[in-house]
Amino acid sequence: MAYWLMKSEPDVFGIDDLERVRVEPWEGVRNYQARNMMRDEMQEGDLAFFYHSNCKVPGVVGIMRIARSGYPDEAAWDPEHKYYDPKSPADNPRWYRVDVAFEQKFERVIPLADLKQAPELADMPLVRRGNRLSIMPVSEAEWDFILSMLEEA
DNA sequence: GCCAACGTTGGC
DNA sequence: GCCAACGTTGGC
């Protein structure tokens, strides 16, 4: 089983939204690196940190589970849709999504500022300057370390 | 709201 | 195939 981290803006879709709907297609990813991970690597049963970006306190806010591995992002086919992409025809889909299921909302946010301070996490794309990758793999050691940060004051 | 960093587009 | 211009991301 693999671990991941997935970013979303809470104003658009946050952990509370996921808790309410329980399962949600993670649509609208329009970056090839992230696409490849969803299409080729994410497996049902994998766990992912839910990360809030572009908000007052960016950070890790909970855990979700991959409920369905990669399949074409149908939003790309709908001209009315925000995520429509005419270059992604139905017979040759360019964009993919996975379904995610709510697992857990943390008692508190683990702020990006704290993640940046931990030498154990220095290799994560998340803490590297200028990195905009919205989906990234997390090693088991990084996963465990981030969870351990919850215990701290 | 600002702006640095990055990915994508499109002219050539 | 290069690279400047542009749009987007996302922290601050």
Side-chain angles (χ1 to χ4, degrees), chain A residues 2-21 24-42 46-66 70-100 102-139 141-143 145-150 152-153:
Chain A
Y3 298 105
W4 306 92
L5 180 145
M6 301 168 81
K7 298 182 188 174
S8 182
E9 301 187 19
D11 288 349
V12 179
F13 186 82
I15 186 82
D16 292 332
D17 298 305
L18 183 60
E19 182 168 20
R20 194 174 59 250
V21 300
E24 177 78 0
W26 201 265
E27 65 182 14
V29 173
R30 298 292 179 261
N31 167 282
Y32 288 104
Q33 246 183 301
R35 188 277 311 268
N36 292 346
M37 286 185 265
M38 290 200 295
R39 189 188 59 187
D40 306 332
E41 296 178 49
M42 283 186 165
D46 286 356
L47 294 178
F49 284 129
F50 197 131
Y51 177 90
H52 279 179
S53 68
N54 204 15
C55 56
K56 197 164 181 181
V57 184
V60 175
V61 294
I63 294 175
M64 52 197 171
R65 178 174 38 81
I66 307 305
Y71 63 103
D73 187 348
E74 292 149 27
W77 302 338
D78 177 2
E80 304 298 311
H81 202 283
K82 179 183 171 192
Y83 295 122
Y84 176 61
D85 182 353
K87 293 176 186 167
S88 181
D91 59 356
N92 183 23
R94 173 178 292 195
W95 303 116
Y96 281 71
R97 66 193 188 196
V98 298
D99 288 353
V100 296
F102 178 82
E103 280 287 321
Q104 181 188 351
K105 179 185 175 182
F106 295 153
E107 302 269 317
R108 65 177 188 91
V109 182
I110 306 173
L112 176 63
D114 291 358
L115 301 174
K116 280 183 168 173
Q117 305 238 326
E120 292 87 345
L121 305 177
D123 288 338
M124 290 187 75
L126 184 71
V127 301
R128 287 207 292 268
R129 181 184 171 81
N131 197 287
R132 308 190 324 202
L133 200 54
S134 68
I135 297 178
M136 68 191 73
V138 176
S139 75
E142 289 161 349
W143 181 272
F145 183 81
I146 291 171
L147 284 180
S148 78
M149 293 175 75
L150 273 178
E152 295 164 17

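These numbers come from the heavy atoms of this one structure, side chains and all, not from hydrogens, waters or symmetry mates. Only a predicted model underlies this, so the values are computations on that prediction, with no experimental measurement involved. Just so we're on the same page: letters track the sequence lines, and every chain starts at 1.
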Contact boundaries on DNA chain C for chain A, cut-off under 4.0 Å to non-hydrogen atoms: C:dG7 to C:dC12
Minimum-distance pair of heavy atoms, taken over all atoms of A:D17 and A:V12: OD2-O, 4.4 Å
Closest approach of A:I15 to A:G62 (non-hydrogen atoms, all atoms of both residues): CD1-CA, 4.1 Å
Provide the closest heavy-atom pair for A:A75 versus A:E27 in the form atom of the first, atom of the second, distance. CB-OE1, 3.7 Å
So if I take residues 122-131 of chain A and measure heavy-atom distances to DNA chain B, which residues fall below 4.0 Å? A:R129, A:G130
Heavy-atom pair with the smallest gap, counting every atom of A:R97 and A:P72: NE-O, 4.1 Å
Nearest non-hydrogen partners of A:A76 and A:W95, listed with the distance: CB-CD1, 4.2 Å
Closest approach of A:V127 and A:L121, non-hydrogen atoms and distance? CG2-O, 3.3 Å
Begin from the C-alpha positions of A:M37 and A:V29 and carry the test side-chain contact (heavy atoms from CB on, under 4.5 Å) through to its verdict. CA-CA 11 Å; A:M37 286 185 265; A:V29 173; over 6 Å; no
In residues 52-62 of chain A, which residues come under 4.0 Å of DNA chain C by heavy atom? A:S53, A:N54, A:P58
Per the ring-ring contact (aromatic ring centres under 6.0 Å, His included) rule, which among A:F145, A:Y3, A:W143 passes with A:F49? A:W143
Which label fits A:W26 and A:F50: parallel for a plane angle under 30°, tilted from 30 to 60°, or perpendicular past 60°? perpendicular
Is any NZ, NE, NH1 or NH2 atom of the basic residue among A:D73 and A:R35 found under 4.0 Å from an Asp or Glu carboxylate oxygen of the other? no
